[in-house]
Amino acid sequence: ELISCLPSPPPPGRGGTPRPGAAMKRTREEVDATLQIAKLNAAELLPAVHCLGFGPGASGAAAGDFCLLELEPTLCQQLEDGHSLVIRGDKDEQAVLCSKDKTYDLKIADTSNMLLFIPGCKTPDQLKKEDSHCNIIHTEIFGFSNNYWELRRCRPKLKKLKKLLMENPYEGPDSQKEKDSNSSKYTTEDLLDQIQASEEEIMTQLQVLNACEIGGYWRILEFDYEMKLLNHVTQLVDSESWSFSKVPLNTCLQELGPLEPEEMIEHCLKCYGKKYVDEGEVYFELDADKICRATAQMLLQNAVKFNLAEFQEVWQQSVPEGMITSLDQLKGLALVDRHSRPEIISLLKVDDLPEDNQERFNSLFSLREKWTEEDIAPYIQDLCGEKQTIGALLTKYSRSSMQNGVKVYNSRRPIS
Amino acid sequence: MVPFACSARAGGLAEWVLMELQGEIEARYSTGLAGNLLGDLHYTTEGTPVLIVGHHILYGKIIHLEKPFAVLVKHTPGNQDCDELGHEIGTRYLVTALIKDKILFKTRPKPIITNVPKKV
């Protein structure tokens, strides 16, 4: 077949004709000619063609001006709803991406293929729905890449939050520290800038830490001060013979207001109880477990270890009358050694332990060589991600053996 | 640390398409790819994408992505850029488009053989 009477075909091998904006100038006749050369039957094709060209600013993602981010459908929906995502990380931290309530690790995924980003390109379904008579669509490729960012849901990095707030714990309004305007204090915005976690995860953790917003800054209460507030409340409950499940807010504020700021009394009630309204009055239902736990911490922090039996006796006597103590309340706070004679108990707080999985296990195994699952579980529970279980963590980071008929776990490698 | 915010730029999110090709595309001339043609993208009546690039035909398929992509474009602000609170905005990534579909060309390109006119 003679082809010389048709317009000349595109140059061989590569897609490059050095005419600026060439995609914009390509005509239907040229397209049809190419179809003929290619021996494609136009009748088997949809009428519209996309003439693809590289836009004048088209470049590779390597230049850093743009990138591709893989999303989960829920994140995609959040973006479409107008929410933002934030990438957080210091120079010495691994960057994470945060939505309003979740945190993700960012990893680059390379592909051996070339990915082209094409605005205004329609799929066959869209073309069929459109019913337009346009049969040539000049399309500019925005850019290209051979990698993209992958997201993997991760635990928010919250240890730093407590560390920042402990720089300057709140000891009460009369403390000398409060007069010093240079002391370290953080607003919500400050925390969002510094913590690699989503806003919702940070807010939840602030509640767990019993933190309080005072004068616009988030403060953690100095433990003794927190106990002082709690004691005021429990002593008042006792002297008024109230039920623990019905502590009236207004009376508390009235009676205790002369001793401590009202906001702090109310904060204490919120930390150690649940608020509810009955016949227009606000009451708190006190949480016995939390109060017993705090009392135990107060007793345990004064020495390295205690005789277990003696501790249990003193502990029961120290909690408000009517509350029952139980070692179950102390998971993640204290460790019992049933092999020593006498049996002993000591303070071990999970939030004092390292955040990184391997470091956490190293520190636990250096404290105690062999652990039962029951004893170690409260100290690794927070490491469990979305899909990891305690069992999976133990398999990965420890070795098991039998001791006196009980399964115990120890380190995989010697701990120095 | 200055967090990078990724938010949708005002005016809403466009929807783009991803095209995935095997290997690399090279510009024929040293002026680079910008401004140059790539080729013609057709669809058969059954919806199969057909791409003619140079002397090759590629047949592909449309894949609806289980995990959509966001295209983030870096935006370095000028001196006057501030947010609602009057804080200066640092460098941020604007989510310029979402990609929910890709056109994947996985098969080996078929060369277009053009017949040489016979000499009489």
Side-chain angles (χ1 to χ4, degrees), chain A residues 1-4 9-18 20-23 26 31 34 37-38 44-46 49-54 56-58 64-72 76 79-80 82 84-90 113-119 121 123-124 127 141 148 193-194, chain B residues 1-8 13-14 16-29 31 33-45 47 49-55 57 62 66-74 93 95-101 103 112 114-115 117:
Chain A
E1 284 178 43
L2 275 176
I3 58 167
S4 56
R14 290 130 180 220
T17 312
R26 194 157 164 77
V31 168
T34 305
I37 295 162
E44 286 167 11
L45 302 173
L46 294 181
V49 63
H50 290 85
C51 293
L52 302 174
F54 290 92
D65 294 325
F66 59 88
C67 62
L68 205 56
L69 177 71
E70 195 184 47
L71 301 170
E72 290 171 1
C76 187
L79 282 173
E80 287 178 294
S84 298
L85 303 176
V86 186
I87 296 178
R88 298 190 159 116
D90 270 334
N113 292 346
M114 170 81 117
L115 303 171
L116 304 174
F117 317 162
I118 314 182
C121 180
T123 60
L127 285 175
I141 297 167
Y148 56 91
D193 272 350
Q194 301 226 28
Chain B
M1 142 184 15
V2 179
F4 285 132
C6 311
S7 40
L13 286 172
W16 293 0
V17 164
L18 201 67
M19 183 179 291
E20 188 169 340
L21 299 170
Q22 289 206 319
E24 284 176 37
I25 298 178
E26 282 173 11
R28 180 173 172 75
Y29 300 97
T31 44
L33 287 176
N36 291 346
L37 276 176
L38 173 66
D40 296 338
L41 173 68
H42 297 269
Y43 298 113
T44 65
T45 46
V50 183
L51 182 69
I52 306 178
V53 179
H55 262 192
I57 307 181
I62 306 265
E66 228 176 72
K67 289 194 182 176
F69 284 104
V71 181
L72 306 181
V73 178
K74 196 161 163 185
Y93 284 97
V95 181
T96 303
L98 293 176
I99 297 180
K100 300 188 183 174
D101 296 298
I103 306 174
I112 298 170
T114 54
N115 288 333

- [ ] Under the side-chain contact (heavy atoms from CB on, under 4.5 Å) rule, what do A/T123 and B/K100 come out as? Steps first, then yes or no, please.
- [x] CA-CA 11 Å; A/T123 60; B/K100 300 188 183 174; over 6 Å; no

Task: chain B contact via A/P119 - which portion, at a heavy-atom distance below 4.5 Å - done: both

TODO: With a 4.5 angstrom heavy-atom cut-off, could you sort out which part of B/A70 is near chain A: side chain, backbone, both or neither?
DONE: both

TODO: With a 4.5 angstrom heavy-atom cut-off, could you sort out which part of B/L18 is near chain A: side chain, backbone, both or neither?
DONE: both

Task: Test side chain to side chain donor-acceptor pair (under 3.5 Å) applied to A/E44 - qualifying residues, sequence neighbours left out - done: none

- [ ] Under 4.5 Å, counting heavy-atom pairs only, tell me which of B/I99, B/D101, B/V50, B/L98 racks up the most with chain A.
- [x] B/L98

Open item on the list: side-chain contact (heavy atoms from CB on, under 4.5 Å) for B/I103 and A/I118? Distances and angles first, verdict last.
Closed with: CA-CA 10 Å; B/I103 306 174; A/I118 314 182; 5.9 Å; no

Open item on the list: I'd like to check the ring-ring contact (aromatic ring centres under 6.0 Å, His included) partners of A/Y148; sequence neighbours left out, ordered by chain and number.
Closed with: B/F69

